[in-house]
Amino acid sequence: MIPCFTRKERNGMWVIFPIEGRMKHDCMVVNDTVKYVYDRLAEGMPLLALADDYVAYARRLKAATAASTNGNGGPPAVDDPAAEEEKTRFDLYRILLSFKDREICDYSFETIASLLPAGQIVPGTTQVMPLGLLAKASAFLQQAVSSPEPPADAPPAPSTNGKSPPAPAGPAPPWDDSGRPVRVFYSFPTPDRFGVGQGAYFATEPMLRRHLDQTEVYFVAVDKQGEVEACTAVRGLPYQPLSLVVFLIAVRCTSDADLEETVGVHLARLCGLLQVTSLSAKIRLQHTPGLAYFHGSFERVIGELGFRRAFRLADELGPGHELVAYDRALF
């Protein structure tokens, strides 16, 4: 933990100002609760002890707040103490993550994320990705979008002496994942754009950050053995837009027929789940020639699930790049 200068402002907020490290010219303006966590870190309190101490602190704070507002009525009853503790630990996760991003605390992201509950994995269903499946879902999507391995007898890549390799002649070849255990059914943008750095976009840390912020929510299909067999990434849930946008669907399969069957069941379950977890009216898939990838059975499979072409905008994303959208009502 790097040393910081702290000061209480006239408005009751605290300023935490790192005096060393990469973020020494930045500062945090925090409330008493965040300052409490900072003080426990400065004292050297271990993470697990800090988690228990913070839960107790939050309960004391809630009781004091209730006593000042409810008079002698006492603190409100807690319907589910376990859920209340999970929420409090999630608040602590947020606080420690903000400290980590400013290099104030030394905990790794994996250590901080260990505060969060693993969630329940329900075999034979499609569900919002529980944290207990994060590592498997991350590896699943990285395998789906990473560039196919070259043949065993392919010549070695030429040395570049640290320079960028020359651009390939002509347009890039079309995405081909046939014969691979995890395949992309639909992707907008194309899978190779996620595959930079062998799927770095779906590394566990950035994936979990986006999932918990709900900028992107990952829905996983879990087979009877508790393994991931399909995953769909959706944008827009926290804003409850008219249409939720799907930007990636990946499936574990052994053949085209297997892929179509798995996707059909997974998307049907996903639409049913979104009907009860979202206030949005529609779920949308969209594509543009050259900027999106979809399996050859794409239109037929989603058509059987009730998706209909909503609009077609010529040259929306540039000359020759029309935007086509397919919607399905969620109620």
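Sequence positions, counted from 1, serve as the residue numbers for this chain.
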Report summary line: For C27 and P18, the nearest pair of non-hydrogen atoms, with its separation, is CA-CD, 4.4 Å

Query raised in the report: Could D258 and R183 be called an ion pair, given the rule that one side-chain N must be under 4.0 Å from one carboxylate O?
Result: no

Requested in this report: Run the ring-centre check on F194 versus Y201 and record whether the distance is less than 6.0 Å.
Outcome: yes

Report task. Using the six-membered ring wherever Trp is involved, compare the ring planes of F298 and Y186 and label them parallel, tilted or perpendicular (cut-offs 30° and 60°). Result -> parallel

Query - Cationic tip of R40 above Y36 ring, under 6.0 Å, 45° of axis - result: yes

Report summary line: Nearest heavy-atom contact between F247 and V234 is CE2-N, 4.2 Å

Query raised in the report: Are any non-hydrogen side-chain atoms of H295 and V301 less than 4.5 angstrom apart?
Result: no

**Report entry** Test applied, side-chain hydrogen bond (donor to acceptor under 3.5 Å, both in side chains); reference residue, K35; option that passes from D39, T33, D32
**Finding:** D39

Query raised in the report: How about E205: does its CD atom have over 12 heavy atoms from other parts shown lying under 6.0 Å from it?
Result: yes

Requested in this report: Just do the side chain to side chain donor-acceptor pair (under 3.5 Å) check on D213 and T215 with the steps written out, would you?
Outcome: CA-CA 5 Å; D213 289 341; T215 53; 5.4 Å; no

Query raised in the report: So, K87 and E84, do they make that salt bridge, N to O below 4.0 Å?
Result: no

Report task. Locate the shortest heavy-atom distance separating R312 from V324; write the atom from each residue and the value. Result -> CG-CG2, 3.8 Å

Query raised in the report: How close do V182 and A250 get, heavy atom to heavy atom, and via which atoms?
Result: CG1-CB, 4.4 Å

Report task. Grab the two heavy atoms, one from L330 and one from Q275, that are nearest each other, plus how far apart they are. Result -> O-CG, 2.6 Å

Requested in this report: Could you tell me whether E9 atom CD has more than 12 heavy atoms of other residues or ligands within 6.0 Å of it?
Outcome: yes

Query - Least distance between heavy atoms, V228 atom then F140 atom - result: O-CE1, 3.6 Å

Query raised in the report: Y93 vs F109 aromatic rings, parallel, tilted or perpendicular, using cut-offs 30° and 60°?
Result: perpendicular

Query raised in the report: How long is the span from the CZ atom in R210 to the CZ atom in R235, to the nearest 0.5 Å?
Result: 8.0 Å

Query raised in the report: So does R252 pair up with E227, basic N to acidic O under 4.0 Å?
Result: no

